[in-house]
Amino acid sequence: MKKILTFVLLFVGTLATHSQADIEEINKTLYDYIDGTANGEPERLKQAFHEDFNLYFVQNDSLKIWSGKQYIANIKPGRKSNRIGKVLSIDFEGNAAIAKIEILMPARKRIYTDYLMLLKVRNHWKIIHKSFTYKNYPE
């Protein structure tokens, strides 16, 4: 009985360690995106996004798709933007995750909400999809 209990505790401990490591790696990927856009660091965005990444949003009641490569190309090295981002939630199972992020943009008086899908590819968490919306600051 003592051996079984020891095995179960080791198994649960191993799962908890992997879960915590995945959460930390997902957070790193998310902050590569958040800080990379705020600080003009396109290389950090390339680390965060999968090469086939695209952005999806609604404009004038129609679906719009923005190429991830074009999005990264719009980030000029060293040019900071007034964006304040934070991670609101992360949920993951195995090699798939979803995250919700809030980006405050005071100059535009907007609050963006990003829903990001991530996959763990070759042992690295990558953002593969971004859907976003925004609302104006309350008056």
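Every value quoted in this text rests on a predicted model; they were computed, and no experiment measured them. We use all heavy atoms of the structure for the numbers below, so side chains are in, but hydrogens, waters and symmetry mates are not.
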Work out which heavy atom in Y71 is nearest to a heavy atom in K130; give both atom names and the distance.
-> OH-NZ, 3.7 Å
In short, G40 meets I75 closest at the heavy-atom pair CA-CG2, 3.7 Å
Does a side-chain heavy-atom distance below 4.5 Å link [X] with [Y]?
X    : Y    : answer
Y134 : D114 : no
K126 : E51  : no
D52  : I128 : no
I111 : K135 : yes
I127 : D32  : no

Is the ring centre of F49 less than 6.0 Å from the ring centre of Y33?
-> yes
Taking the six-membered ring where the residue is Trp, are the ring centres of F53 and H129 under 6.0 Å apart?
-> no
Nearest 0.5 Å, please: how far is [atom2] in [Y] from [atom1] in [X]?
X    : Y    : atom1 : atom2 : value
Q47  : K28  : CD    : NZ    : 5.5 Å
L63  : S131 : CG    : OG    : 8.5 Å
H124 : I26  : NE2   : CD1   : 14.0 Å

Determine all donor-acceptor pairs shorter than 3.5 Å in which one atom belongs to a side chain in residues 88-106; sequence neighbours excluded.
none

Residues in ring pair (Phe, Tyr, Trp, His ring centres under 6.0 Å) contact with Y31, at least two apart in sequence or another chain = none
same_hphob_cluster([X], [Y]) at 4.5 Å side-chain heavy-atom cutoff:
X    : Y    : answer
F132 : M117 : no
F57  : Y112 : yes
L119 : L55  : no

Which is it for W66 and N54 under the side-chain contact (heavy atoms from CB on, under 4.5 Å) test, yes or no, and what are the steps along the way?
-> CA-CA 6 Å; W66 189 4; N54 284 318; over 6 Å; no
Answer yes or no: are there more than 12 heavy-atom neighbours, outside R108 itself, under 6.0 Å from its atom CZ?
-> no
Which residue pairs pass the side-chain hydrogen bond (donor to acceptor under 3.5 Å, both in side chains) test with at least one member in residues 34-43, sequence neighbours excluded?
-> T37-R83, N39-K80, E41-R44, E43-K46
Pair W125, D22: side-chain N/O donor-acceptor within cut-off below 3.5 Å = yes
Are T29 and L118 close enough, and set up right, to give a side-chain contact (heavy atoms from CB on, under 4.5 Å), and what steps lead you there?
-> CA-CA 9 Å; T29 298; L118 300 97; 3.9 Å; yes
